Number of protein chains: 2
Amino acid sequence: MRYFPPRIILSAFAAFAFLLSEQPSSAQSQWVDPFIGTDGMGHTFPGACVPFGMVQLSPDTDTIPHNVGGVYQKEVYSYCAGYRHSDPTVVGFSHTHLSGTGHSDLGDILIMPTVGRLRLNPGTASDPDSGYRSRFSHEGETARPGYYRVHLDDYDVDAELSVTERVGLHRYTFHGGEDTGHLIMDLSHGLYNYEGKTLWSSVRVENDSTLTGYRITNGWGRTNYVYFAVRFSSPVKEYGFREKKAPQYAGFWRKLDQGHNFPEMAGRGIVCWFDFPLEENPVIEVKVALSPTGTDGALKNLEAETGGMGFDEVKDKAIASWDRELSSISIEATPDQKRMFYTSYYHTLINPSLYCDVDGRYRGLDGNVHEGNGGMNYTVFSLWDTYRAEHPFLLLMKPDRAKDMISSMLSHYDQSVHGLLPIWSLMGNEGWCMSGYHAVSVLSDAIVKGLDIDEDKALEAMVSTSKVGYLDGLGEYIKKGYVPMESSSTSASNSLEYSYDDFAIFSAASYLGRTDIASEYAGRADNYLNVFDIVDGFAKPRSGEGEFKTPFNPLRTDGEGFIEGNSWNFSFHVPQDVGNLVKLMGGDSGFIGRLDELFSMTLSPEYYAANEDITEDCLIGGYVHGNEPSHHVPYLYAWTSQPWKTQEWVRDIMNRMYRPVIKGLGGNDDCGQMSAWYLFTAMGFYPVCPGTDEYVIGAPYFPYMKIDLPGGKTLEIKADGVSDRRRYVRSVYLNGKRWNKRFFSHSDLMEGGVIEFKMASWPERNPRNIPSIMPYSFSDDPLSQQ
Amino acid sequence: MRYFPPRIILSAFAAFAFLLSEQPSSAQSQWVDPFIGTDGMGHTFPGACVPFGMVQLSPDTDTIPHNVGGVYQKEVYSYCAGYRHSDPTVVGFSHTHLSGTGHSDLGDILIMPTVGRLRLNPGTASDPDSGYRSRFSHEGETARPGYYRVHLDDYDVDAELSVTERVGLHRYTFHGGEDTGHLIMDLSHGLYNYEGKTLWSSVRVENDSTLTGYRITNGWGRTNYVYFAVRFSSPVKEYGFREKKAPQYAGFWRKLDQGHNFPEMAGRGIVCWFDFPLEENPVIEVKVALSPTGTDGALKNLEAETGGMGFDEVKDKAIASWDRELSSISIEATPDQKRMFYTSYYHTLINPSLYCDVDGRYRGLDGNVHEGNGGMNYTVFSLWDTYRAEHPFLLLMKPDRAKDMISSMLSHYDQSVHGLLPIWSLMGNEGWCMSGYHAVSVLSDAIVKGLDIDEDKALEAMVSTSKVGYLDGLGEYIKKGYVPMESSSTSASNSLEYSYDDFAIFSAASYLGRTDIASEYAGRADNYLNVFDIVDGFAKPRSGEGEFKTPFNPLRTDGEGFIEGNSWNFSFHVPQDVGNLVKLMGGDSGFIGRLDELFSMTLSPEYYAANEDITEDCLIGGYVHGNEPSHHVPYLYAWTSQPWKTQEWVRDIMNRMYRPVIKGLGGNDDCGQMSAWYLFTAMGFYPVCPGTDEYVIGAPYFPYMKIDLPGGKTLEIKADGVSDRRRYVRSVYLNGKRWNKRFFSHSDLMEGGVIEFKMASWPERNPRNIPSIMPYSFSDDPLSQQ
């Protein structure tokens, strides 16, 4: 037998392990790093969830109230997802989180294991011993899709989390040798919390190992009902609760000793404790099922998803569910690139989220419980963000989900007393966040791309939505063709957004042959023109009298009539009619000049310092990738003589805004929108104008990508030798045929096959070699003249 | 043609009208005076309801908060039903009221019509112009079963109210000639209100004449969900709302102009206003449907019960529904007696109340919505009061309702985390009011009287209920055979009540042949003995060590271990074993002496002055008819050699405690218990011990009564010449046969036929002429020795 020095054996073993981990399409979840974005601007959470699940079980590292005595507490912005990687303590583990938002809510049903003296308040980060929270370090922390683990240093407890779609699983291993372990359940805890946010909370101890309960909160979700059912792996020994806000009225309950082993606990924000004997078994597993309909729904979900299953089985299934979803795309890439790619893919599959029981029942916008009628109900539609790339991405990759999401939007419309599609759907509530009525974009996109939805109903909902006069200047917009600056603080961007949304309605109506509607909205799709000052080619706020705002600074983000963007960025927000926008901005050279200047200028901090969501890190010149209004802008070169400049900039954006490190995201991930931009861009194309069926070609990021399309076909994207240097596309071949368009249509992609990009380190500047067929522009559409 | 002077014509017309109104068994509702009991101690309400309806639409004349900064406001006791006849102003009309209780809640969804300056607070009685309330006088007021009318002097508005089971109807006629009428809807209004009682309230303007909404309150009903749907007879012109408690957090709602014509209004207690044009039509009709399940349920109830119907049609139906129910008993009596009799009958048919949608769906004790499975769900079980006579009365007269009520109690048990039958069921909540677990009495009574219920389930529920150790000393009671005074402030009465309830379980188990259970509860049925001091024959609190309380005053109501009664009254609370009680109190003469002394003593106010529910008016000697523990006491002479003394006292009680005037009720009507006592006593018998099938014979009150029994048979009760003087029963005949028992069994009555009482102005004292067969006593039951 030949002797191998240990180092060689280890290396061989490592190589073998590497090979194993490289198994294609089987364990892509290994590449996902849930910590990416959990500090800095990303606002992602590291905890456990499954694709589109209702439960996101994740550690919360602080409990900054967002409102103290009516005063907004700025620091809370950092805690949108409950977790900051740089924090020293964990408060506990709560079951609902938004992924990557800039405003927040939820953090429902916090559980925390402790030992020793019973503490029923969270304490502070500066004095963790004052409450039930615990110190932790990242050495004791692991996160994988569907699984999270942390060591709680103060209690010497290993906390592990996993999930199904509707059930959170906790496994707490007490290492300290105590006789008794406490589990704290804090129903007053929440994200963006404030005194009195919990309107009511209730826990019933159904038997020695089962709880049911609920809480109703008044936060961003105006009235959020979270029902739960809890099952412990071993019997509770003793329990009790404390109500933070003593009841003003206790009725005849006061004659009952409710504080100790009384199985009905309730109040305006209660903190319960449950004691378990540890002598025989120092491991406690806890299942927490959620439901939007009732505790009966929660019990049903508990049984259906985890009945008879232990922690490890659930964990394996959770990881497998991610592998299944993520394996639909395989790439050739460096490990770092794979980490970033699959983490991005992961982030696109968290929100929207299920919001229904296993049988489809859910709480509607009208507060009533509705039957699902076969489909599943979804919520968390951050539409101002996600209409751009997240929804188009899901439509392309997960059309069955997309279909249910659209049904959910139509149900929302049916249940809306305003006759509105969702603007920001949040747990059976309308969150009214941001501007526009971009659900129409998602619906229109689905219609023109042929998704099987109720098209007539969708069109009815789109039209109804676009006529709700009291929506942020919309009534005036309908009358005047633009939102007067007197009617809204974001009048210019509202006008641009409404105009684009109206194009989406036009497009769907045209597709469906509804010429009456198409004709009406063809007029409205042009309304963007009414806020353009043709003197300088900038969109600007305009008074009811028709005067443009003066003085006006197109570099300033605040106070100039735009939302989360300045006029320099937002003036490009005419995705429906880039051809005409080019003209408005001085023709081909003028337009190219404007784009070039945007990417290369130096933006003084004075123009964005007041904005919590813009930092130097998310800027490329004056281009702000961290906020969404600019996401399509790098692709606008496609309408010019220099489409190669898109290829130049998108790779820079990929490299600088998406880094596989904790603070690596150049902006809020915004429920997957940032990540969906990454994924499309990595593929080499981007849906600049949802509501058309076109994906504008940019440049692929990886040498090879294979996409398993939903219909069973396969799309291969080849870009031999692509690199930061060889970022330029010299030519494109689809199934071996030279491609002469600057875009792919949806059906081009869905046919499957091979797209081959010929890459080079220098751009193709010869007009004869550049694909000649331009992407869609509304002005060129014969129907635009209806 | 002969000339008649006008006065004669009028008189003849009046006589004719009187004859018409005397039609037997067709319009008994004419005799009901809903104002009886609306001042003084009765705590009844004058507004509109239908038998057992979910809606009691009634004027509230003040809004005394029951709790200000944690301090109980004593005056609120007078406002249990929302209305005090002596008050000068009406605050508005709310849709839910309890009938005759001594603690309260509800007053949901107040509506008030006004004109002129919009006021969104109720104002005060001393300065009505400071709010939306109005002055009124009784000249402008009418009340009939199912109909109420008042003239609102401040606004010159005629307000009329009527109802179906689940819908309140308002008709407001504006006489002032104004252009615009306001309707105020105050969701912060309530009975036993306090700052913050409304946890959440919401109104949606679905269209120009339809609202939906709900409120959740935390009062006596710990979490009470009241959903509603409103339909106006004409379109709303403008509307808006004010939130009394400004929101700490408004999210993105703040960018919407919610105050004016914004169709989604919500907050922690909102006051809405709706303006109507009056020029063309000065009459506004409003339908308000309630539901415990959701606004969808409320809309369903609205359509099912009032779809297409106007106010007058509903009013006619409401009155007819009362005539139908009340016509089952006809009597010969003076007009005043008829007023008192039918008003009492009316009061027995208000509570319990329906608590479900038209399709039977309801909100259970577990907070979830349940299907009715064919039956209707009831709530408002004031069981400490109503097990005595109200439930036996309904079992006798309305067995179909009684059956659904018992099913509702069994559902309550199924949904109780404690495994408890209801103690005080209040809108899907357990109210924990008063002592004992008297639902077992109702169930046992139904079983031994042969009602078709799920007997096995009932017995299971009864046994489970009797074993909930943490219920007010019950654990100790089970261990020691009595509640030690250390465990409860009402230890002596608890022991007596538990012991009686245990007898009821024994009795049902015996009837069902479950000798195992019967044997266990035979032991517990004797536990009353453990609190009797044989030295003086008084029940007393006893320490855990076994010592009776010293000093001890059997005359004192508070602080001596009894609830709503002193030992003088409460010591008679052994309805299951009066035969043995006689022995404990010194045998026949001693027992008679004790009863005589009770009725003839002078009770010094010092013994009851602190009790809000005892006044001189409700005393007969030391006998307190205004509270329930004594209700069976006048009938206890039946176990002695002088049963005629029952005949003597019950007529006095009838005459003094039930007077057909505003302040005529000698105590809280207590959800019909006081009235059911009246009705049984008027019939000439009373269910001293529910859980046996016996009705102990007293003396009839009217010369003739005809009862249409539920099975189609008829029971006639004749007492020729009965009067205050001729109050004594000389002999009794059943269907012509001399009756030799001191009681009727349930089947005796249900057979129908004729009971004939021979009355005289002097009692029958000859033992040979007194019926010899005594009513039931547990000690004499061979099974009691199990």
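Below, chain A is the first sequence line, B the second, and so on; all start at residue 1. Please read these numbers as outputs of a predicted model, since none were measured by experiment. Only this structure's heavy atoms are used, side chains among them; waters, hydrogens and symmetry mates stay out.
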In terms of ring plane angle, is the pair A/His103 and B/Phe252 parallel, tilted or perpendicular, where the classes change at 30° and 60°? perpendicular
Honestly, the part of B/Leu199 sitting under 4.5 Å from a heavy atom of chain A is both
One option among A/Val417, A/Leu471, A/Val369 has the most heavy-atom pairs under 4.5 Å with chain B, and it is A/Val417
Is it the case that the side chain of A/Asp296 and the backbone of B/Asn368 share a donor-acceptor pair, with hydrogens and angles ignored and the cut-off at 3.5 Å? no
Would you check if A/Ile216 and B/Ile216 make a side-chain contact, meaning some heavy-atom pair closer than 4.5 Å? yes
Contact part of B/Gln258 toward chain A, heavy-atom cut-off under 4.5 Å: side chain, backbone, both or neither? side chain
Indicate the ring-plane relationship of A/Tyr214 and B/Tyr225, choosing parallel, tilted or perpendicular according to the 30° and 60° boundaries. tilted
Specify whether A/Tyr470 and B/Phe262 have parallel, tilted or perpendicular ring planes, treating 30° as the upper limit for parallel and 60° as the lower limit for perpendicular. perpendicular
Qualifying residues under ring-ring contact (aromatic ring centres under 6.0 Å, His included), relative to B/Phe228, sequence neighbours excluded: none
B/Trp200 and A/Thr223 have their tightest heavy-atom pair at NE1-OG1, 3.1 Å
The reported gap from OG1 in B/Thr295 to CG in A/Asp366 (rounded to nearest 0.5 angstrom) is 5.5 Å
Value for NE2 (A/His418) from CG (B/Leu256), rounded to nearest 0.5 Å, stands at 7.5 Å
Quick check on the structure: residues of residues 427-434 of chain B within a heavy-atom distance below 4.5 Å of chain A, by number. B/Glu430, B/Gly431, B/Trp432, B/Cys433, B/Met434
Most heavy-atom pairs under 4.5 Å with chain B, out of A/His370, A/Lys197, A/Arg204, belong to A/Arg204
Under 4.5 Å from any heavy atom of chain A, what part of B/Ser416 do you find: side chain, backbone, both or neither? backbone
